[in-house]
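Just below is one structure, and these are the notes that go with it.
This chain uses plain numbering: 1 for the first residue, then up along the sequence. Because the structure is predicted, anything quoted here is derived from the model rather than measured.
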Amino acid sequence: MTIKTKDEIVQKVLLKMDARSVEGNLKYGGTMASEITEGKKNLKDFVIDVQEELMDALLYLESVKTILNNEGI
């Protein structure tokens, strides 16, 4: 596979995604694709994963707002 984009921002994100994938493979012993093909996860499992990630993202955003507003805790 060849990445054709000249957009440096997109390239930066793709490099981060690649590194995260490698880290996940080491940590969890497989790929997302293998989770599907080996029957380790189904659609419901992935929906739950997305919900959890979005909840985490909301917490991170609220933390950033707190820092930017010097609100403290």
Side-chain angles (χ1 to χ4, degrees):
M1 177 193 302
T2 302
I3 305 300
K4 297 177 184 176
T5 183
K6 302 295 182 206
D7 188 318
E8 294 172 7
I9 301 298
V10 174
Q11 291 172 347
K12 196 179 216 181
V13 170
L14 291 172
L15 286 171
K16 288 180 180 183
M17 289 178 70
D18 183 57
R20 183 171 170 84
S21 177
V22 170
E23 182 180 326
N25 292 345
L26 294 172
K27 184 175 181 180
Y28 299 107
T31 65
M32 290 182 78
S34 69
E35 289 179 325
I36 297 168
T37 59
E38 296 171 10
K40 294 179 181 176
K41 283 193 176 181
N42 59 31
L43 184 59
K44 183 179 177 182
D45 295 324
F46 282 109
V47 169
I48 291 169
D49 288 347
V50 171
Q51 286 178 316
E52 291 172 352
E53 294 295 338
L54 289 172
M55 287 186 281
D56 288 346
L58 289 170
L59 294 173
Y60 296 139
L61 287 171
E62 191 61 33
S63 297
V64 168
K65 284 174 49 183
T66 299
I67 292 168
L68 290 174
N69 293 327
N70 287 327
E71 294 175 6
I73 294 181

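- Residue D18 holds its CG atom at 11.5 Å from CD of E23, rounded to the nearest 0.5 Å.
- Atom CE of M17 has 12 or fewer neighbouring heavy atoms from other residues, nucleotides or ligands inside a 6.0 Å radius.
- Both I3 and V10 belong to a single network of hydrophobic side chains, linked directly or stepwise wherever heavy atoms of I, L, V, M, F, W or Y lie under 4.5 Å apart.
- Remark: side-chain polar atoms of Q11 are paired, donor with acceptor, to backbone N or O of T5 under 3.5 angstrom.
- The line from CG of N42 to CD of E35 is 11.0 Å long, rounded to the nearest 0.5 Å.
- Considering only heavy atoms from C-beta on, L58 stays 4.5 Å or farther from E62 through its side chain.
- In this structure, CD in E38 is found 7.5 Å from OG1 in T31, a value given to the nearest 0.5 Å.
- Side chains of K16 and V13 form no contact here, defined as non-hydrogen atoms less than 4.5 Å apart.
- Counting heavy atoms of neighbouring residues, nucleotides and ligands inside a 6.0 Å radius, atom CZ of F46 exceeds 12 of them.
- Between K41 and D49, the closest side-chain pair of non-hydrogen atoms falls below 4.5 Å.
- The structure places CG of L61 at 11.0 Å from CG of D56, a figure rounded to the nearest 0.5 Å.
- Here the CG-CD1 distance, from L14 to I9, works out to 11.5 Å after rounding to the nearest 0.5 Å.
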